[in-house]
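Only one structure is covered here, and it is reproduced in the block below.
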Amino acid sequence: MKKYNDIIFFLIKKEEDRQKKGIELIASENYVSNNVIKSIGSILTNKYAEGYPNKRYYGGCNLIDKIEEKTIKRAKKLFKASFANVQPHSGSQANQAVYLACLNPGDKILGFNLSHGGHLSHGSKVNFSGIIYNSIFYGVKKSNNLIDYDQVIDIAKKEKPKLIICGASSYSRDIDYKIFRQAADLNGSILLADISHTAGLIAKNLLNNPFPYCHIITTTTHKTLRGPRGGLILVGEDFFIKKKKISFLINKAVFPGIQGGPFENIIAGKAIAFKEALNKKYEKYAKNIIINSKELSKHFKKKGYNIISNGTDNHCFILNLKNKKISGKEAEELLEKYNITCNKNLIPYDNKSPFITSGIRIGTPAITTRGLKKKNMKQIVNWIDIILENRNNINICNKIKKEIKNFMYSYPLFKE
Ligand code: DSN
């Protein structure tokens, strides 16, 4: 502690050590490059720049404008979009801005049930999206845990939602955006895809692209996309709502609608990450995320674990731990003790509360960034299985903890 002039720096160092020695399986986390860290830790944080390039409410924004313009340009190129707003501070705020741009309070929105794989901001009753708007939900089929597309169509027909949201935070299968568009077209609903989890995989054409079916895309920038924490809004082809362009309405909704000054240091970090994602090397990385995810799920199955929907198409999957006689909460806490981080997760039709849960979510974006390959996945499953099966034998678990630490130290955090 002595060599640090503030306990905060001591704690940051400890967190760095934690990240270095652990196997990070939280599906929404990743490790950014040195260049992203450099930009988000830069003096750009000093600058106020309310407004948009060339239309700011503060002086001295000349260089900031160039940075934000470049970020917008790279976002549009990466996702083949005609419009991008790079200012949202988070994925939730990106969604909030889209709702503000498209809806009036009380309007009906149709989202993916949170307990089946959706997200809080897709209409959950405890979130602004379910408090301000009249939210209804589709889910997955009990028989196979896949999105019930017939139900989506039926609900859309009956309820006439003004906006439909597709996209998920814990769903391991690809999404059929074409069917969602059919549901939207029944009543002229606006179709929003929240691709926060899968953005990097979609950008590299490894999963279905929401464009041209979805009118608007929102995403975070820090998950598979491997940029700084933040949000992004994209439009494929500009369209009109009540004679106003959606691009205009979205910009107005972000600022002055829901945010003040943009975080220009974060925007610069987004620009760096987008450029990295445009690179061939990133394509290889994105492919490896999926290869590792499929391989991990295969080895879990071999060891008798049940996987929701029986496998994965993307970067994540949910383990149903019911047959292992351990809750998601207990498994999360146990694994964390021994250098493996993941998160408890509801399984569809779970009879446990969100604080306990019957499952854990497993994701591969972070370990793939560390350089772990297909051949390493069996070992990870073995370690997890030994810990869960020997949870009362501290000696065995401590041995695994040490093995994990030594193993992860050979895959450095910062490479470029
Ligand atoms: N918290 C994010 C996740 O883990 O999926 C979603 O906001």
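The structure presented is a predicted model; accordingly, all values stated were derived computationally and were not measured. Both ligands and their constituent atoms are indexed starting at 1 by order of listing.
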- Would you mind checking if E159 and K108 are paired as a salt bridge, meaning a charged N to carboxylate O distance below 4.0 Å? yes
- Query: Between Y57 and Y52, does the ring centre distance come in under 6.0 Å?
  - Reply: no
- Note on the structure: For H197, the atoms of ligand 1 under 4.0 Å from one of its heavy atoms are 3 (C), 5 (O)
- Please identify which atoms of ligand 1 are closer than 4.0 Å to at least one heavy atom of S28. 3 (C), 4 (O), 5 (O)
- Item | Close side-chain approach of K294 to I290, heavy-atom, < 4.5 Å | yes
- Item | Subset of ligand 1 atoms that lie under 4.0 Å from at least one heavy atom of R361 | 3 (C), 4 (O), 5 (O)
- Message: Is the shortest side-chain heavy-atom distance between N390 and I400 below 4.5 Å?
- Response: no
- Message: Show the atoms of ligand 1 that are less than 4.0 angstrom away from any heavy atom in H119.
- Response: 6 (C), 7 (O)
- Query: Do you see a donor-acceptor pair shorter than 3.5 Å between the side chains of T368 and N288?
  - Reply: no
- Indicate whether atom 1 (N) of ligand 1 is within a distance of less than 4.0 angstrom of some protein heavy atom. no
- Decide, yes or no, whether a salt bridge links E332 with K329 under the criterion of side-chain N to carboxylate O below 4.0 Å. no
- Message: Heavy-atom distances under 4.0 Å decide this one: backbone, side chain, both or neither, for H222 against ligand 1?
- Response: neither
- Note on the structure: A student checking ligand 1 against S169 at a 4.0 Å heavy-atom cut-off should list atoms 5 (O)
- Message: Pairs of nitrogen or oxygen atoms closer than 3.5 Å, one from K223 and one from ligand 1: do any exist?
- Response: no
